Amino acid sequence: MNTTFLRSRVPNLTVAAKNAGLRPATVSNLCTGKIPLGRAEIRTIVLLAKLANCSVDDLIIIEDYSKKIETGIKTIDLFAPLVLNSTVGLIARPDMGQLALLAEVFHRLKNNSFKTITLTPKQEDPGLKDLLHESDYIAAGFEEIAVLLSDEWKNKNILLVVDRAHVISGELGDFNQNLQLKEVLSLTTFLMDLSGEAPDEDLPFGPLDTIWQFDAELVAQKYYPAIHPLFSISESYPLDKKQNRLQQDARKTLRRYRELRALYAIRGYEKMSKKEKNDFTRGQKLEAYLTQPFFIAEPYTGQKGCFVKIVALFNDINKILTEDLAELEASSLLYKGDLDTVV
């Protein structure tokens, strides 16, 4: 049950349900999960949809938990979600935040039945400190990883970070070819590039399931994580119809906003048409909303990290794209969690 969406549409849900002839206790148990959705009467779901003025499909969350890895990082879960057993390529120049993002992903997932490994890069980088700190194991070579996966870490979900230098040398290809994946539950691989050459190549890592491309404009504004909303994609992630529509609408909104920024610089805000102003403001708010404080950065920023659930994320995206939200300034959305946390 999409409880957040239902309550946003029907604020006084208990009273409204009672007036519609539904038992408040039944509705409450459905919302908390005490009654599985599959055991609910069709009449109940239909009446709740009528109260919320939506379709029955809008009230039902359909997700593929066998493949999805929920990171709680808004811009990733929206534009380029992480998939179990996939290969993710990070395309970034130095100092764009790729190492911090990997460290944050490790931090969030290693306590969620995942084991984390970093293969020691051939090139040193001061930004590796946080990533190595969040790694359960730091390997000197692929043989060491193979032994670990076939022995101590059998039947585990594995997250592995490998530098591009190991891809170019062919070592990663040999490892994947010889690895007996049946030894582990899953192996999700992240390919980073410490040389900064990846953005200049057409296929810097070869075929990929997911691309996280970093954006110089977001870095310049200090909007992190600086994941490019237009060029970061996940080919194998199962989005339902509604989420796919919201994702595409978010991309269109941000694409238009980037176009309007150039007009804004030339003509100024006052000379823009009413529609242009609306599109500009909406895109500005969406871009600000997608910034997020990281848990690993708490000692440096003094701001608590936050995890935004996918249900809340898509509900927020829908609000930003379809509602006025005139009371919210874009600046109030910077480095917050979901919209409920914005004061």
Side-chain angles (χ1 to χ4, degrees), residues 73-81 88-98 101 196 198-204 208 210-235 237 239 241-292 308 310 313-339 342:
I73 300 174
K74 292 181 281 189
T75 191
I76 287 178
D77 291 342
L78 175 60
F79 293 122
V88 182
L90 284 77
I91 300 177
R93 299 195 188 279
D95 302 320
M96 296 185 80
Q98 64 167 328
L101 180 61
D200 299 319
E201 303 289 337
D202 290 333
L203 291 170
L208 295 168
T210 300
I211 294 173
W212 293 348
Q213 183 154 333
F214 288 70
D215 181 18
E217 288 189 27
L218 292 176
V219 173
Q221 296 178 81
K222 297 185 179 180
Y223 279 17
Y224 295 101
I227 294 293
H228 201 300
L230 306 181
F231 301 141
S232 298
I233 59 171
S234 183
E235 296 288 353
Y237 183 76
L239 281 176
K241 186 176 180 180
K242 183 179 178 182
Q243 289 179 345
N244 183 67
R245 176 182 58 79
L246 286 171
Q247 181 199 70
Q248 295 308 310
D249 287 349
R251 287 192 202 275
K252 290 176 184 177
T253 298
L254 291 171
R255 184 184 295 112
R256 180 57 177 153
Y257 170 61
R258 288 171 175 240
E259 294 170 351
L260 290 171
R261 274 204 308 234
L263 294 176
Y264 174 82
I266 297 170
R267 301 187 317 199
Y269 186 74
E270 293 306 320
K271 291 187 178 180
M272 299 173 95
S273 69
K274 183 177 179 180
K275 184 179 187 309
E276 287 174 337
K277 288 179 180 179
N278 288 337
D279 291 345
F280 182 89
T281 301
R282 200 177 299 280
Q284 190 178 43
K285 290 177 181 179
L286 179 56
E287 187 175 76
Y289 168 79
L290 291 171
T291 60
Q292 190 165 347
V308 177
I310 286 180
L313 166 65
F314 279 95
N315 284 337
D316 287 352
I317 296 298
N318 185 59
K319 287 181 183 178
I320 293 171
L321 294 179
T322 62
E323 298 181 16
D324 185 22
L325 301 183
E327 73 283 3
L328 292 179
E329 296 289 337
S331 58
S332 70
L333 301 175
L334 285 169
Y335 292 101
K336 297 295 197 311
D338 58 44
L339 288 180
V342 178

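Remember, predicted model here, so these are calculated numbers, not experimental data.
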Within-4.5 Å side-chain heavy-atom neighbours: [X] and [Y]:
X      : Y      : value
Glu287 : Leu254 : yes
Leu290 : Leu333 : no
Tyr223 : Leu334 : yes
Thr281 : Tyr257 : no
Arg255 : Leu230 : yes
Ile233 : Arg251 : yes
Asn244 : Gln248 : yes
Pro225 : Ile73  : yes

Is there a donor-acceptor pair closer than 3.5 Å between any side-chain N or O of [X] and the backbone N or O of [Y]?
X      : Y      : result
Gln213 : Ser232 : no
Trp212 : Ala80  : yes
Thr322 : Asn318 : yes
Lys285 : Ile320 : no
Ser234 : Pro81  : yes
Arg93  : Phe214 : no
Arg261 : Phe280 : no

Identify the two heavy atoms, one from [X] and one from [Y], that lie closest to each other, and give their separation to 0.1 Å.
X      : Y      : result
Ile310 : Gln243 : CG2-NE2, 3.8 Å
Ile211 : Phe231 : CG2-O, 4.0 Å
Met272 : Lys277 : O-CE, 3.4 Å
Ile91  : Pro204 : CD1-CG, 4.1 Å
Leu101 : Ile227 : CD2-CD1, 3.7 Å
Ala250 : Ile317 : CB-CG2, 4.3 Å

How many angstroms lie between [atom1] in [X] and [atom2] in [Y], if you round to the nearest 0.5 Å?
X      : Y      : atom1 : atom2 : answer
Leu260 : Asp279 : CG    : CG    : 6.0 Å
Leu313 : Ile76  : CG    : CD1   : 11.5 Å
Asp215 : Thr75  : CG    : OG1   : 10.0 Å
His228 : Phe79  : NE2   : CZ    : 10.5 Å
Gln284 : Tyr264 : CD    : OH    : 7.5 Å
Glu276 : Lys271 : CD    : NZ    : 13.0 Å

Check this for me: [X], atom [atom1], are more than 12 non-hydrogen atoms of other residues, nucleotides or ligands nearer than 6.0 Å?
X      : atom1 : answer
Asp95  : CG    : no
Glu259 : CD    : yes
Tyr335 : OH    : yes

Hey, are Asp316 and Lys336 close enough for a salt bridge, meaning a charged N less than 4.0 Å from a carboxylate O?
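Judged by the 4.0 Å cut-off on N to carboxylate O distance, Asp316 and Lys336 do not form a salt bridge.
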
